[in-house]
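Below: the structure, in structure tokens.
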There are 2 protein chains.
Amino acid sequence: MNPPAKESRKMIRVVIAEDQSMVLGALAALLEIEGDISVVARAKNGKEALQAVLTQKPDVFITDIEMPEMTGLDVAAELRRRHLATRVIILTTFARAGYLRRALEAGASGYLLKDMRAEQLADAVRRVQQGLRVIDPELATEAWAEPDPLTDRERQVLRLAGDGLSSGDIAADLSLSEGTVRNYLSEAISKLGASNRVEAARLARTKGWL
Amino acid sequence: MNPPAKESRKMIRVVIAEDQSMVLGALAALLEIEGDISVVARAKNGKEALQAVLTQKPDVFITDIEMPEMTGLDVAAELRRRHLATRVIILTTFARAGYLRRALEAGASGYLLKDMRAEQLADAVRRVQQGLRVIDPELATEAWAEPDPLTDRERQVLRLAGDGLSSGDIAADLSLSEGTVRNYLSEAISKLGASNRVEAARLARTKGWL
DNA sequence: TTTTCGCGATGACAATTGTCACCCGCGCCG
DNA sequence: CGGCGCGGGTGACAATTGTCATCGCGAAAA
């Protein structure tokens, strides 16, 4: 650990986004311990995060995926669209291939799981800042495995079905006919090899296809 | 912040349990910053946590609820059963009345949400160590509101139904007849004011009745 | 010792769900 | 131009699900 140099000359400037304040604060504390890393802003949702990154232009942006307002993946995609130089590290609970694929497509440099050892976070920040990629090894292999077989409609319908809505409710919600909804559901069920809508929804969710 | 006194004479000794290593490490870092708090052990699941608390006999034990092997609530209950002097703080994502009630029944001194401000954790530790209770204010009010109307059977059945099992599967799993399963489900659905098994399961879960 | 209650079970019936075959219109591509 | 795929839809049928009334049994309460 380097002696904390006050001037941020060689310090790696970091912005963190995470919706659980306590975890956010804790992660910041964790990084601040390192002498060469400085947390220049914290955000509790996607929009705040985007703002913070645009104004601070940090070296590295660490973000959760599931947040209010805008997901971390969306923020990453937006940053890429704007050609920001900031490197993005996704830090999430979910080891879902679909998430990783989307993260990489959004130009993320890192994808870490919250159950990795705490020390690895600072390491990852340093590596990423040097232009390297840091991907959770287990995920890296299966990442490009299954490429979401669902169509947009199937996804929508499945999401609502997973929340307990009946076919009729879903139909009303989406301005479709009930029969059509059942058709989509049926398609999704068979594509996923499930035996009913609930199982199908659960499966899709764990794959990150939502 | 007191000057870090190396001898642990007046230091508050803390054990932390949390299944996501990174969060665990971060929380520990957060507390270690405080001069008067010392993290003497960390656990990544319920059993480890119980062990750690029994051998370390810390002043305060901070634990997540949903963990492998044994939930934080179970650990708290076990500590109470053994008349440990250690105070327990539950630190969780879930603002569920049912969880809070069970936590209090298990003798916990604190119930904090992970989306509270990070600084409040250290405060809570100090207060709890002085014998005070620290309960999230929003939850405190509605805590004793609804007292879980479900019977054990209904709970079991509902849990499986929520995972997408069919009535037949559930019946097989529980060695019941399919009709009986449907009866329980029907009961649960009406008790919860839901309109089908999926919604019922979702409702029960958000109330912490699992 | 009755009565009540919870658990488990039947049977029957209506509603919802899952499956299939087939139809329409539109846009894209060879 | 003709064909194909895709979003959307119908109708029909079987399976599953949700609801009720009703029964038996054992244990706790009156």
Side-chain angles (χ1 to χ4, degrees), chain A residues 98 101-102 105 146-210, chain B residues 98 101-102 105 144-210:
Chain A
R101 182 150 21 79
R102 280 197 267 161
E105 281 165 8
E146 296 177 81
D148 188 350
L150 301 175
T151 69
D152 289 339
R153 281 307 195 184
E154 285 160 3
R155 242 188 306 282
Q156 292 177 37
V157 168
L158 208 47
R159 211 169 310 163
L160 296 175
D163 286 345
L165 299 205
S166 69
S167 305
D169 293 343
I170 299 174
D173 242 61
L174 269 51
S175 322
L176 291 179
S177 97
E178 184 179 328
T180 305
V181 169
R182 295 222 299 279
N183 285 338
Y184 284 134
L185 244 5
S186 184
E187 255 304 297
I189 291 169
S190 90
K191 279 183 181 175
L192 299 177
S195 56
N196 60 52
R197 48 180 75 195
V198 186
E199 195 187 342
R202 244 182 13 85
L203 278 175
R205 259 189 247 270
T206 63
K207 298 279 193 176
W209 298 331
L210 241 194
Chain B
R101 183 151 20 78
R102 280 197 267 160
E105 281 166 9
W144 301 88
E146 296 177 82
D148 189 350
L150 302 175
T151 69
D152 288 340
R153 280 308 196 184
E154 286 160 2
R155 243 188 305 282
Q156 293 176 37
V157 168
L158 208 48
R159 210 169 311 163
L160 296 175
D163 286 344
L165 299 206
S166 69
S167 304
D169 293 342
I170 298 174
D173 241 61
L174 267 51
S175 321
L176 292 178
S177 96
E178 184 179 327
T180 303
V181 169
R182 295 219 300 278
N183 285 338
Y184 284 133
L185 244 6
S186 185
E187 255 304 299
I189 290 169
S190 89
K191 278 183 180 174
L192 299 177
S195 55
N196 60 53
R197 48 180 76 194
V198 186
E199 195 187 342
R202 245 184 10 88
L203 278 175
R205 259 189 248 269
T206 64
K207 298 278 192 177
W209 297 333
L210 241 193

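Chain letters run A, B, ... following the sequence lines, proteins first and then strands; every chain starts at 1.
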Compare side-chain N and O positions of B/Arg153 against OP1 and OP2 of C/dG6 and report whether any pair is under 4.0 Å apart. no

Which nucleotide wins on minimum distance to the side chain of A/Thr180, given the candidates D/dT17, D/dT10, C/dA9? D/dT10

At under 4.0 Å between heavy atoms, what does B/Asn183 touch on the DNA or RNA strands: base, sugar-phosphate, or nothing? base

Gap between atoms CD1 and P, on B/Ile170 and C/dG8 respectively (whole Å): 14 Å

Quick one: label A/Ser186 by what it contacts on the DNA or RNA (base, sugar-phosphate, nothing), any heavy atom closer than 4.0 Å. base

Is there a donor on the side chain of A/Arg182 or the base of C/dG18 sitting less than 3.5 Å from an acceptor on the other? yes

Whole Å only: how far is the OH atom of B/Tyr184 from the P atom of C/dC7? 5 Å

Does any donor atom in the side chain of B/Arg153 or B/Gln156 lie under 3.5 Å from an acceptor atom in the other side chain? yes

Just N and O in the side chain of A/Ser177: are any of them under 4.0 Å from OP1 or OP2 of D/dT10? yes

Gap between atoms CZ and C1', on B/Arg197 and C/dA15 respectively (whole Å): 13 Å

Less than 4.5 Å apart, side chain to side chain, heavy atoms only: is that true for B/Glu154 and B/Pro149? no

Which of the following nucleotides, C/dT10, C/dC7, D/dT17, is nearest to the side chain of B/Glu178? D/dT17

May I ask you to say what B/Ser167 touches in the nucleic acid, namely base, sugar-phosphate or nothing, with a heavy-atom cut-off under 4.0 Å? sugar-phosphate

Side-chain contact check for B/Leu185: nearest option of C/dA9, D/dG7, D/dG18 is D/dG18

Between atom CG in B/Leu174 and atom P in C/dA9, what is the gap in whole Å? 10 Å

Donor-acceptor contact below 3.5 Å, side chain A/Glu199 vs main chain A/Ser195: yes

Counting C-beta onward and ignoring hydrogens, is there a side-chain heavy-atom pair between A/Val181 and A/Leu160 closer than 4.5 Å? no

May I have the distance from A/Glu199 (atom CD) to D/dT17 (atom P), rounded to whole angstrom? 12 Å

Please pick, from D/dG9, C/dG18, D/dG7, the nucleotide with the shortest atom-to-atom distance to any side-chain atom of A/Ile189. C/dG18

Atom-to-atom span, CD of A/Glu187 to C1' of D/dG8 - whole angstrom: 13 Å

With a 3.5 Å distance limit and no angle check, can you tell me whether A/Asp163 reaches the backbone of A/Leu165 through a side-chain donor-acceptor pair? no

A/Arg155 atom CZ is separated from D/dG7 atom C1', nearest whole Å, by 15 Å

Can you measure B/Leu165 atom CG to D/dA15 atom P for me and round it to whole angstrom units? 21 Å

Which of C/dC7, D/dG18, D/dG8 is nearest the side chain of B/Asn196? It is D/dG18

